[in-house]
Amino acid sequence: MPLASRARHLFSTRQLELPSDPAPRRANIDVFASDLGVDPAHLVRARQVHGNGVLVADPREALPSRGVDADAIITAAAGIACAVQIADCVPILIAGEGAVAAVHAGWRGTAAGVAAEAVRALAALGFDPSTLVAALGPSIAPCCYQVDARVRDAFAQSAYSDAASEGFTPDGDGHWKLDVARINRRILEQAGIPAAQVHESGLCTACDPGRFYSYRAEGARTGRLIAGIAVP
């Protein structure tokens, strides 16, 4: 994957068990950090709230704990990794030459433009969006994701209605199949990342319970996947 030439990164599967029980989950998150090549204390996560907040991890300050509300984490510091947890939402990993971002994009965060906010935050650190590379990991695909007018209306009223227009396919009266990954791809392109530098896994979490956790397929007590990326 082109992202690998920029930064070490990982999208987990069920092989790395992240159950609802916090103790074994914490232990395996530490394993994930080691696989990324960073000290577990330098794996930065946040309290994900399905918004568009961006957390900038700066080692010159105390690295934040998960008590910070954010759905995107960026850093330009070597030896720091950014990570998000997902169980159907779209995990997006972004890298420039010396900076990385991890983004958690559910439908609410997508409608709020969390991916674009991450790109803007990287640009504010001096990283030209045209030089960035992004990878969208496994997430629920439109084959398994039906939504109602409430979701469609939220996108229609957002600043990203143009990007969202091709993400909805009619699926019966008052319902649509939703392609959240496709909408995020368009948002990243609108934010300045060239289309050829945005890559999608094409894997559906709900279709493949042998490899992935899925909130929609398995319910609230399912485990979580984790996606992370580190500045070399």
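Computed over heavy atoms, backbone and side chain alike; hydrogens, waters and symmetry mates excluded.
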State, with a plain yes or no, whether a side-chain heavy atom of [X] is found less than 4.5 Å away from one of [Y].
X: C144; Y: C207; value: yes
X: I183; Y: I187; value: yes
X: P129; Y: R120; value: no
X: V180; Y: Y145; value: yes
X: C143; Y: C204; value: yes
X: R211; Y: L203; value: yes
X: V44; Y: L55; value: yes
X: L36; Y: L43; value: yes

Can [Y] be reached from [X] by stepping across I, L, V, M, F, W or Y side chains whose heavy atoms are under 4.5 Å apart?
X: V68; Y: V49; result: no
X: V84; Y: I80; result: no
X: V90; Y: V119; result: yes
X: V56; Y: F127; result: yes

Just by distance, do the side chain of [X] and the backbone of [Y] share a donor-acceptor pair under 3.5 Å?
X: E117; Y: V54; result: no
X: H9; Y: A7; result: yes
X: S12; Y: I226; result: yes
X: N28; Y: V31; result: no
X: T205; Y: I140; result: yes
X: R216; Y: A206; result: no
X: R45; Y: A83; result: no
X: S34; Y: D30; result: yes
X: S165; Y: D162; result: yes
X: Q197; Y: I193; result: no

- prompt: Is the closest basic N to carboxylate O distance between E218 and R224 below 4.0 Å?
  reply: no
Closest non-hydrogen atom pair, [X] against [Y]:
X: R14; Y: F212; value: NH1-O, 3.0 Å
X: D88; Y: Y213; value: OD1-O, 4.2 Å
X: H104; Y: V114; value: O-CG1, 3.8 Å
X: P232; Y: R6; value: CG-O, 3.5 Å
X: F32; Y: A227; value: CZ-C, 4.0 Å
X: S201; Y: G137; value: OG-C, 3.3 Å

message: Here's a test for you: under side chain to side chain contact (heavy atoms under 4.5 Å, CB included), which of L188, V198, L3, I229 qualifies with I94?
response: L188
Would you give the length of the straight line joining atom [atom1] of [X] to atom [atom2] of [Y], rounded to the nearest 0.5 angstrom?
X: T110; Y: I92; atom1: OG1; atom2: CD1; value: 6.5 Å
X: F11; Y: L136; atom1: CZ; atom2: CG; value: 7.5 Å
X: L225; Y: L18; atom1: CG; atom2: CG; value: 7.5 Å
X: R47; Y: D69; atom1: CZ; atom2: CG; value: 4.0 Å
X: L178; Y: R152; atom1: CG; atom2: CZ; value: 10.0 Å
X: R185; Y: H199; atom1: CZ; atom2: NE2; value: 8.0 Å

task: Give the C-alpha distance, both sets of side-chain angles, the deciding distance and a yes or no for side chain to side chain donor-acceptor pair (under 3.5 Å) between D171 and Q146.
output: CA-CA 7 Å; D171 192 42; Q146 185 192 70; 2.8 Å; yes
field: Distance-only side-chain donor-acceptor flag, Q48 / D71, under 3.5 Å
entry: no
task: Anything under 30° is parallel, anything over 60° is perpendicular, the rest tilted; go ahead and classify F168 against F155.
output: perpendicular
query: More than 12 heavy atoms of other residues, nucleotides or ligands under 6.0 Å from OH of Y215: is that the case?
result: no
